[in-house]
Amino acid sequence: ISRERMRNFCIIAHIDHGKSTLADRFIQKAKVIDSRKFKDQFLDSMDIERERGITIKSQAITIPYQSRDGQIYELNLVDTPGHVDFSYEVSRAISACEGALLLIDASQGVEAQTFANMYMAVELDLEIIPVVNKIDLPSANIEMVKHQIDHDLGLDPDTAVLVSAKTGEGVDELLERLVELIPPPDGSEDEPLKALIFDSHYDPYRGVVVHLRLYDGIMKRGDEIKLMNNGAVYGIEEVGMFRGDLLPTESLRAGEVGYMIAGIKTISDITVGDTVTHPERPCSVARHGFKEVKPVVFSSIYPIDSDDYELLLSALDKLKLNDASLVYEKDSSAALGFGFRCGFLGLLHLEVIQERLEREFGLSVVFTSPSVRYRVTMKSGERFFLDNPLSFPDQVKIETIEEPYIHATIITPSDYLGPIMNLCLEKRGVQQSMTYLDEKRVEMVYEMPLAEVLYEFYDRLKSVSRGYASFDYELSDLKVTDLVRLDILVNGEIVDALSQLVFRENAAYRARIICKKLREEIPRQQFKIPIQGSVGSTIIARETISALRKDVTAKCYGGDISRKRKLLEKQKEGKKRMKMVGSVEVPQSAFLSVLKSE
Ligand code: GDP
Ligand code: MG
């Protein structure tokens, strides 16, 4: 297909406004997926995505479309995630496109991520088509949303297309509009090859699959290609496009989005944002890469079974291919042995990595309490960044510690102003501004410590606003804080993996929660186990697990043998997920629940 009839576009929106559902309708209209293979939210192919009903990875699919003028177009559509943690996925996906469909839920209207995603698209100069979705809902308020498109987003409300991704209403019209309004890619097939790596994944059978957007030139099987970043040269084994599965094609051409398999064994050769070219006829300048992502939450990962260390390393390497935002380095702990210190874009990102390690690689792992990155200035004048509680220096030698703040934007119906302001206050937020977007909706801007937002802020915001408030943030600067290291002692021994950096005023409360959780999670053993929280040498919380007296099966009164066996098996299963801390067996679930309770 000629370049004039290619259209590369993404679907962007606030979470739950219907991006993945709209992608479904496009895919079904194109009839490229066997109806028996089709399932709702088709592009959300990871188990975690389907279970949680959210998109985590951007996914591309190429579909043919015959427009009303009879021409066949090649549509490259990219579905993107909506959650703040994954905005990096969105920014990469967007940069492979010329246009964006900006979806707005007709009953919810413009929300915080609507703005954030639109700004990203504007920055990259994409053609933006506003789309009002869910017009089938009785609560749909199309006039209100059109007003918001004009007034809040500054887009022309007359260009908005009205659709229901659920019923399919308006989807034909939308397809026509997008081939008409979104420009074809520029570039030339005659120029030297210039292809941008925007993603990749690891396939156990095929190895590394590199996701590319071609700007100039042609690439085909048998070609030698060079990675501009490190000069590595590989021979292409296969190119093709995304069709739900991988669909091999003769070649990939300027303007197209597709994949390449080239027997790449060294996973670290592939970096997202790198340019691929031909070694004998290289392109002059590498494409702009991507903004480097800065992880904001840090935690250490340890394998439950220390023999799994190498496996964990190779799993992280493979995940990194598919998730460029993941960073990690070696780490070790007295309680948990060798592991990795990892950086994440947020807590949801951390949870996703944890689940992927378990599901995709069959690993049992423990994560330590997540921390933000602090800046420490010592009395000696020395200055460094600190995210690992284990590196917390001697308190008396510290001059100041600063913690990262965010610039948070909250959009809410005015009915929930009071409870939201209380919540922000409790989270040490300082209000910067409050603006009425219209009679009913308010936008508030807060400066808040990032560390406070990590813990349950999002859930509480949703609950105090009955789901109506939306939230977006960006990092602002560092402000002086009063930080201490909270240690947790099990049977008198500090469990270093449970130590954490906390704001002094929160320490006692946090310690009580953790001790209580541990008491619930650590099974009783032959001896009494004290669980304590301390700051320096001061004990600030305490719980006790009483000693075990009887065998677990004793309460079965000898009767039901199968029930007894079940109990024993369950116990054995549990043991696999135990970590020895001194002489105490601590289940993985204890570490996890401590992490969750925050
Ligand atoms: P995403 O987070 O933007 O990808 O949103 P999803 O596509 O996962 O949709 C979120 C929820 O909205 C799902 O329960 C969908 O079934 C529902 N939904 C999506 N589009 C429509 C629509 O046009 N009408 C109605 N009534 N529900 C929709
Ligand atoms: Mg989605």
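For ligands, and for the atoms within them, numbers begin at 1 and follow the listed sequence.
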Kindly confirm or rule out a cation-pi arrangement of [X] over [Y], judged by NZ or CZ under 6.0 Å from the six-membered ring centre and within 45° of its axis?
X	Y	answer
Lys427	Phe457	no
Arg373	Phe298	yes
Arg213	Tyr215	yes

Distance to 0.1 Å, residue and atom name: give those for the protein heavy atom nearest to [atom].
atom	value
atom 20 (N) of ligand 1	Asn133 ND2, 3.3 Å
atom 24 (N) of ligand 1	Asp136 OD1, 2.7 Å
atom 18 (N) of ligand 1	Lys134 CE, 3.6 Å
atom 15 (C) of ligand 1	Thr21 OG1, 3.7 Å
atom 1 (P) of ligand 1	Lys19 N, 3.5 Å
atom 2 (O) of ligand 1	Asp16 N, 2.8 Å
atom 23 (O) of ligand 1	Ala165 N, 2.9 Å

Between Pro81 and Thr55, which heavy-atom pair has the shortest distance, and what is it?
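Of all heavy-atom pairs spanning Pro81 and Thr55, the closest is CB-O, 3.0 Å.
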
Can you tell me how far the CD atom of Glu51 sits from the CE atom of Met46, to the nearest 0.5 Å?
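Reported value, rounded in 0.5 Å steps: 11.5 Å.
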
Restricting to N/O/S atoms, is Thr55 within less than 2.8 Å of the Mg ion (ligand 2) or not?
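True for Thr55.
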
Flag Thr21 as yes if one of its N/O/S atoms falls below 2.8 Å of the Mg ion (ligand 2), otherwise no.
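False for Thr21.
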
Test your reading of the structure: does [X] have an N or O sitting under 3.5 Å from an N or O of ligand 1?
X	value
Gln41	yes
Ile135	no
Gly18	yes

Has Leu137 got any heavy atom lying under 4.0 angstrom from an atom of ligand 1?
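Yes; Leu137 lies near enough to ligand 1 that a heavy-atom distance drops under 4.0 Å.
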
State plainly whether the residues Arg441 and Asp438 are in salt-bridge range, i.e. N to O under 4.0 Å.
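Salt bridge: yes.
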
In terms of side-chain geometry, is the basic nitrogen of Glu98 or Arg7 positioned less than 4.0 Å from the acidic oxygen of its partner?
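The answer is no: the pair does not qualify as a salt bridge.
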
Would the His14 and Phe115 ring centres measure less than 6.0 Å apart?
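No, the ring of His14 stays outside the 6.0 Å limit from the ring of Phe115, centre to centre.
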
Under 4.0 Å from atom 5 (O) of ligand 1, can you find at least one protein heavy atom?
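Yes; the ligand atom in question has protein heavy-atom contact below 4.0 Å.
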
Could you check whether the rings of Tyr328 and Phe340 sit parallel, tilted or perpendicular, using 30° and 60° as the cut-offs?
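Aromatic pair Tyr328/Phe340 classed perpendicular.
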
